[in-house]
Number of protein chains: 2
Amino acid sequence: MGNLLKLFSALSDHNRLRIIAALKEYSDLCACQIVELLGVSGATTSRHLSILLQVGLIDSYKDGRWVHYRLNRASHNYGQVTDWLEDQLYQTATVEKDRYALREIMATDREDICRKQRGEKCCPRKPEDQIKELAHVSS
Amino acid sequence: MGNLLKLFSALSDHNRLRIIAALKEYSDLCACQIVELLGVSGATTSRHLSILLQVGLIDSYKDGRWVHYRLNRASHNYGQVTDWLEDQLYQTATVEKDRYALREIMATDREDICRKQRGEKCCPRKPEDQIKELAHVSS
DNA sequence: TATATAATTAGCTATATATCTAAATATATT
DNA sequence: AATATATTTAGATATATAGCTAATTATATA
């Protein structure tokens with residue numbers, strides 16, 4: 001029973017469903033791309049990914065400093081649920097919007113994504129400061 | 001997306017899974033029988049049933065003061081998930097234990113069940129008081 | 001109509017969880 | 001070895017939820 005609860009709990013968060021939908025769309029995404037898609041902190045994304053890893057819905061591999069995530073197609077017995085879920089997710093407005101965002105993200109160099117995320121981290125979210133920072137980064 | 005979240009959240013509680021398993025076993029149970037099975041308060045049971053009703057996993061009908069609950073076999077599109085779930089639940093230790101408990105409950109007159117539940121409600125949970133109460137009920 | 005009863009809703013509380021910043025870890029570069 | 005970087009973990013906090021008692025609602029009975 002505990003595994004069933006873990007599975008359904010894992011699927012009870014909108015960002016985690018978005019992750020699954022994104023990994024269905026692109027078979028392999030790295031953490032920074034997922035952070036970019038979700039628009040939440042790296043820490044939160046990592047936590048969500050950890051939950052999905054724990055129940056076996058996704059798996060991961062390292063490529064240097066990069067960590068890639070994929071849907072886990074083996075070694076679990078809830079393919080019936082995930083097949084159904086993926087169909088359902090495909091039709092939702094949020095996931096459709098994500099699809100467009102993902103196109104941009106996949107067209108962007110990861111280094112650029114990370115640079116942007118790093119920048120955001122070290123600067124407070126003040127509009128004037130952000131403009132100054134962007135000007136500084138450009139020069 | 002909201003409906004998916006509601007569905008998975010509804011399935012993320014062990015007592016609600018037990019309700020589903022019980023309704024798979026016996027096609028029609030009334031609230032007091034479910035209260036008896038779960039061993040939680042009537043209010044808590046009612047709340048769980050309300051959540052399952054809301055997502056359409058179960059439906060209900062009234063018979064005087066009695067309210068009966070059944071699995072909802074129509075008008076929803078997650079049969080693929082619930083079929084799988086029912087199979088999975090069948091194999092869990094908790095549900096197997098519940099199966100025995102349900103046999104007793106189904107063999108007991110509902111009036112007796114309710115009388116017992118009412119009795120429990122109006123008396124504090126003191127061991128000596130419970131013994132006295134049981135002795136009183138027996139006589 | 002008053003009383004009894006099964007069930008539901010309201011309100012409160014303890015516990016679980018999503019989110020964040022900071023710190024730590026793993027890997028790469030100088 | 002020091003520094004940089006991607007990611008994860010730790011710790012704190014706001015929000016959500018399971019459980020309870022009390023109050024209310026819906027139905028039955030006297």
Side-chain angles (χ1 to χ4, degrees), chain A residues 2 5-6 8-19 29-36 38-55 58 60-69 109-125, chain B residues 2 5-6 8-19 29-55 58-69 109-125:
Chain A
L5 289 174
K6 284 196 175 93
F8 292 127
S9 290
L11 295 174
S12 299
D13 178 77
H14 78 292
N15 280 326
R16 292 202 285 276
L17 290 184
R18 289 169 77 199
I19 291 171
L29 291 169
C30 79
C32 67
Q33 289 166 330
I34 298 172
V35 170
E36 194 65 16
L38 298 186
V40 297
S41 74
T44 299
T45 302
S46 191
R47 179 134 185 77
H48 285 312
L49 291 166
S50 172
I51 288 164
L52 294 175
L53 278 173
Q54 202 179 26
V55 300
I58 64 172
S60 69
Y61 66 95
K62 288 193 180 180
D63 174 21
R65 274 176 296 188
W66 310 91
V67 185
H68 295 246
Y69 293 89
D109 186 354
R110 274 185 304 185
E111 304 281 0
D112 286 340
I113 290 174
C114 290
R115 195 161 17 243
K116 179 182 157 198
Q117 286 171 7
R118 268 189 340 259
E120 282 177 351
K121 237 176 255 172
C122 70
C123 296
R125 289 289 187 91
Chain B
L5 288 174
K6 284 196 174 99
F8 292 126
S9 292
L11 296 174
S12 299
D13 177 77
H14 77 294
N15 280 325
R16 291 202 284 275
L17 290 184
R18 289 170 76 198
I19 291 172
L29 291 169
C30 79
C32 67
Q33 288 166 329
I34 298 173
V35 170
E36 194 65 17
L37 174 68
L38 297 187
V40 296
S41 74
T44 300
T45 302
S46 193
R47 178 135 186 74
H48 286 312
L49 290 166
S50 174
I51 288 163
L52 294 174
L53 279 172
Q54 205 180 23
V55 301
I58 63 173
D59 61 27
S60 67
Y61 66 95
K62 286 194 184 185
D63 174 22
R65 274 176 296 188
W66 311 90
V67 184
H68 294 248
Y69 294 88
D109 187 352
R110 271 185 305 183
E111 305 279 1
D112 287 340
I113 291 174
C114 290
R115 192 160 21 242
K116 178 182 157 199
Q117 285 171 10
R118 268 192 334 262
E120 280 175 356
K121 235 177 256 172
C122 71
C123 297
R125 290 290 187 92

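In what follows, every chain begins at residue 1, and chains take the letters A, B, ... in the order their sequences are listed.
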For this session: May I have the distance from Asp63(B) (atom CG) to dA28(D) (atom P), rounded to whole angstrom?
Result: 8 Å

Exercise. When you measure from the side chain of Cys30(A), which nucleotide among dT9(C), dA26(C), dT7(D) comes out closest?
Worked result: dT7(D)

Exercise. Which pair of heavy atoms, one from Leu49(B) and one from Ile58(B), lies closest together, and at what distance?
Worked result: O-CD1, 3.6 Å

For this session: Write down the distance between OH (Tyr61(A)) and C1' (dT27(C)), rounded to a whole number of angstrom.
Result: 16 Å

Seminar exercise, completed: Checking dA7(C), dT8(C), dT8(D) against the side chain of Tyr69(A) (C-beta onward), the nearest is dT8(D)

Problem set entry | Those residues of residues 9-19 of chain A lying under 4.0 Å from DNA chain D by at least one heavy atom | none

Exercise. Checking all strands, does Ala31(B) fall into the base, sugar-phosphate, or nothing category for heavy-atom contacts under 4.0 angstrom?
Worked result: sugar-phosphate

Exercise. Can you check the Gln117(B) CD to dT5(C) C1' distance for me, whole Å?
Worked result: 12 Å

Exercise. Closest to the Cys32(A) side chain: dT7(D), dT27(C), dC20(C)?
Worked result: dT7(D)

For this session: Considering just the side-chain nitrogens and oxygens of His48(B), establish if one lies under 4.0 Å of OP1 or OP2 belonging to dT17(D).
Result: no

Exercise. Between dT27(C), dC20(D), dT19(C), which one does the side chain of Arg47(A) approach most closely?
Worked result: dT19(C)

Exercise. Using a cut-off of less than 4.0 Å, is there contact between a side-chain N or O of Arg65(A) and OP1 or OP2 of dT5(D)?
Worked result: no

For this session: Counting heavy atoms from C-beta on, name the nucleotide in dT7(D), dT9(C), dC20(C) closest to the side chain of Thr44(A).
Result: dC20(C)

Exercise. Is any side-chain N or O of Ser41(A) closer than 4.0 Å to OP1 or OP2 of dC20(C)?
Worked result: yes

For this session: Measure from CH2 on Trp66(A) to C1' on dA4(D) and round the result to the nearest Å.
Result: 13 Å

For this session: Search all heavy atoms of Asn15(A) against all heavy atoms of Arg18(A) and return the closest pair with its distance.
Result: OD1-NH1, 2.9 Å

